[in-house]
Structures are given as structure tokens and as C-alpha cells.
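Everything below concerns the one structure shown next.
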2 protein chains.
Amino acid sequence: MAKVKKAELDLSTEEKIKEAASIVFTKKGYGNARTRDIAEEAGINLALLNYYFRSKEKLFQIVMAERIEKLFGVLAPILNDASTTLDEKLEKITENYVDMLLEHPDLPIFVLSEIRSNPEQLANRVQAPKILKESAFVKQLMERRSDINPLHFIINLLGMNLFPFVAKPVLQPILGSEDFYRQMMVQRKKLIPVWMKLMLDHG
Amino acid sequence: MAKVKKAELDLSTEEKIKEAASIVFTKKGYGNARTRDIAEEAGINLALLNYYFRSKEKLFQIVMAERIEKLFGVLAPILNDASTTLDEKLEKITENYVDMLLEHPDLPIFVLSEIRSNPEQLANRVQAPKILKESAFVKQLMERRSDINPLHFIINLLGMNLFPFVAKPVLQPILGSEDFYRQMMVQRKKLIPVWMKLMLDHG
DNA sequence: AAATTATTTAATCAAATGATTAATTTCTGC
DNA sequence: GCAGAAATTAATCATTTGATTAAATAATTT
């Protein structure tokens, strides 16, 4: 055993490399990640990285597509669901994000910072924006508050959900223990929908 | 003229390099930035970078300290001011952030992503957290809402202010023009304090 | 103005890094 | 069990990249 990661046990070499790449890229970013770091993390020979994925860049593109999907993929089905109320959507989105981000706290900062350093190639890969304007969600928002651009509420919802994870390295020292940080994020699952409803119905 | 940046005109070589480094590091991140990029941006010979700053790493540390100060330095004086009301603080913080971030939109994602990729060295450089707990701001928050951890409100305030800039590359395509993006951010100067007050007084 | 110091430049170095190669081992189909 | 294919390895390559050097130029001092 020793250094072998649990999930790595029965994965194929290709999957091991992709897993390792995801870990290393997410932790350090593309520019700070070394193919040798990835090979070591995966426990494989460096040449295998190029054997299976041709290049660091190609491997990154594959990992990045998966990470973008993981971060924004949850949105589309919820936003487009005409059978749920606006309140239910707010609750679903929050619940999904908090649960997912507690498991992958550095996902948002990774995706957003990589998009920033390469916007022309990556920004258009995010699908959610494209469906947004025609979504049931936006329609419901406009019905409820016709005087405020619905994007404000979307920014607030995503901000309250994602920001505490984006800023985790700064917030953690304030909050003290990792455990207390988790506690607060769990509290927010109930609080964020309440706050969103307040903003929608007052002011 | 041509490619010469306006601010660069009468700066000393040392200042030109620091300015260029700030631009290049902020746009690409440490790992993707090349000392040759910085030299070119500054319009100076590559060797001068090492002549004035010893190394890329040292130059980065200097730039980073300034960027952290720019992003979080505005907080301490406002948070500690016992002479202003909580509502005034919310308005001041929001006004300061929106104005500053419209000029430096990629500042938050830069600082936060660099801290993520090197937390042990950078996270403790942020001063704001240290003074936070003893601040007038936190006291006022606890007075107003004793049943909710004041950090929730701080997260929401920073999230609503910083997140739209952190996520700018993703949001921009939805909003369309740069001009419309600016418009929305200006709107938020009035909206965010209103929303914060709502959260504090209801729910 | 001469001497000294500071700045700038072109050329070069050494290490890091992504990628390839050729040989070896393991697996698969027959 | 064997032949061919696939996977793996150690060694090496070529380029990039941060940094240095020695010479040239500019600024400052006396």
C-alpha cells in the first residue's frame, strides 16, 4: 500500500493518468504543473503520459472539459426544468453545489483561473450561459421580479454558493478548523435559499 | 508612441519592470508568465529584470504583496471604524470594491488562485482576517443578528462584490458587451447594500 | 574632463521540462 | 505455446527558460 491512492487501485493506466492529472492541475494550475508531477502522482512512467495522451496540452484539455462539466453541468437540467418552482430550483442548486464543493473545494478557483489565463479557448466551453436566457429559471425570475435584471440574482446565487470555496484559503484561517468550515458550509445549504427568497420578495 | 503604454512614459526602469510584472502575472499567473514576457511588456532587456530584482520569484513576491494589499487593504480601515454605522460600512465596502474592481477586474481571481497554488506561503499574508474578529464590523453584525454567525454575512458581502469579477470570463458572454457588464456592476453598488440589509433584518 | 559608478545590452549558460526513441516486458488471439 | 500487438521502461533529445557574464554605454562625482 503506502502511497497508493485508494481510487487508483484497479484503474487502467489511462484512467490513472487522467485522475492524477486532474489532481495536479487542479492543485497547481496548468502552468505550475509538471508532467513529471503527474506521472509521479499516477505512479507511472513519464513516457506513458505521452503514449496515452500525446501531450501535456491535450491531457489538460480533456481534464478541463471534465472539470467544466462538473462545475457547471449541474445547472442546465435544473434551470430548464419547467415542472419545478423557482424556490425549488434555488434549493436544488444550493444543495447540489454545497454538497459537491465540499468534496471538491478547489474546483471553482481552478476552472475560473484557467479560463482567465486562456479565455479565448476556454470561455466558450461553458454551456450553461447559452441556455440561460431561454431557461425556465430566468422566466420565473422575471415573473417574480420584473424590475431587476435576473442576472443579478444569478450572480448572487452563484456568488454565495461558489465564493466561500473560491476564497477558502483566505477564509480557512479565520474559521479555524476544517471541521468548522464544513459546518458553516452545511448551514448555508438552508440559509442561501432563504436569503435568495428575501432578495426576490423585498427591497 | 505605438506600443508604449501610457503610464510607462516617465517611469524608472525598476518601476517599469514592476508594472509590467504586475500586468503579466495578473493576466497569466506565475506559472504561465515568462520573464521574457515581462521584459517585453516593460520594453527592457531581459537581464535588467534580474539586475533589479534578482529573480522571477523575488519580483513575484513584491508584486504579490502589492496585489494582496490592493485587494484586501481597503477592508481594515472600514471594518475598524467605530464611528460609522453597520449600514454605512456595507455601503462603503461595496462602493470601494465595485469602483476598484471595474478598474482591475482580474485582481481577485489572480490573488485567490495564486494563494491556492501556494497557500502555505501566501495565505498568511492577508491581514484582514486577523483583525476581523475584534473589529467594530463584527461586533455590529453580532448585535444586529445574534442568531447567525457574522462570517456568513461577510462571505455574502464579499461574494456578491467579488464573485462577478472572479467569474467575469464566464459572465461576459451572457451579458454581451463590456459596456453592459459595467452597467450591471454599477447597479450593484446600490443593490448589494440593500440586499445585505434585507438579510440582516429578516429571515 | 577624467575617473568612478550605475545602467544597459548581446551573448551565453545550466537546469528544467515536454517529448521521443529504442529496447524490454506483458498481454492477447490463435 | 507462440507470434504479434500493446504496454512499459530507461535513456536521451531538443527546446524553453531563468539566470549570469563580460563588454559597452550613460550618468555621476570630483
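Proteins come first, then strands; the chains are lettered A, B, ... in the order of their sequence lines, and each starts at number 1.
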| Do B:Phe60 and B:Phe25 have their ring centres less than 6.0 Å from each other? | yes

| query | Counting side-chain heavy atoms from CB outward, which of C:dG18, C:dT8, D:dA19 is closest to A:Thr35? | reply | C:dG18

| Think B:Thr13 has a side-chain N or O under 4.0 angstrom from the OP1 or OP2 of C:dT7? | no

| message | Under 4.0 Å, counting only non-hydrogen atoms across every strand here, what does A:Ala33 touch: a base, just sugar-phosphate, or nothing? | response | sugar-phosphate

| query | If you check every side-chain atom of A:Tyr51, which of D:dT21, D:dT8, D:dA19 has the closest atom? | reply | D:dT8

| task | Name the nucleic acid region contacted by B:Tyr52, choosing base, sugar-phosphate or nothing; use a 4.0 angstrom heavy-atom cut-off, strictly under. | result | sugar-phosphate

| note | Of C:dG18, D:dT9, C:dT9, the nucleotide closest to the side chain of B:Leu48 is C:dT9

| query | Rounded to whole angstrom units, what separation is found between the CD atom of B:Glu40 and the P atom of D:dG18? | reply | 14 Å

| query | Hey, mind stepping through A:Arg67 and A:Glu114 against salt bridge (Lys or Arg N to Asp or Glu O under 4.0 Å) and telling me if it holds? | reply | CA-CA 11 Å; A:Arg67 300 284 86 184; A:Glu114 293 300 332; over 6 Å; no

| Closest to side chain of A:Arg36, choosing from D:dT9, D:dT12, D:dT8 | D:dT12

| Do B:Lys18 and B:Tyr52 meet the cation-pi criteria used here (NZ or CZ under 6.0 Å from the six-membered ring centre, within 45° of the axis)? | no

| task | Could you give me the CA-CA distance, side-chain angles and deciding distance for B:Lys168 and B:Glu178, then say whether salt bridge (Lys or Arg N to Asp or Glu O under 4.0 Å) is met? | result | CA-CA 10 Å; B:Lys168 191 182 177 192; B:Glu178 173 74 30; 3.2 Å; yes

| field | Length of the CD1-C1' vector between A:Ile44 and C:dT25, whole Å | value | 16 Å

| Which one, D:dT21, D:dT9, D:dA19, comes nearest to the side chain of B:Ala47? | D:dT21

| Picking from D:dT8, D:dT9, D:dA19, which would you name as closest to the side chain of B:Lys56? | D:dA19

| Please give, in whole Å, the distance from C:dG18 C1' to A:Asn45 CG? | 14 Å

| Of the listed nucleotides D:dT9, C:dT17, C:dA10, the one nearest the side chain of A:Arg34 | C:dT17

| Rounded to whole angstroms, how far apart are CG on A:Asn50 and P on D:dA7? | 15 Å

| said: Whether B:Lys28 and B:Asp106 form a salt bridge (side-chain N of Lys/Arg under 4.0 Å from carboxylate O of Asp/Glu) is what I want to check. | reply: no

| request: Quickly work out the A:Ile17 CD1 to C:dG18 P distance and round it to whole Å. | output: 15 Å

| request: Would you mind reading off the distance between A:Tyr30 atom OH and D:dT16 atom C1', rounded to a whole angstrom? | output: 13 Å

| task | Could you tell me the separation between the CG atom of A:Asp37 and the P atom of C:dA19, rounded to a whole number of Å? | result | 14 Å

| message | Between P on D:dA19 and CG on B:Leu49, what's the gap in Å once rounded to a whole number? | response | 8 Å

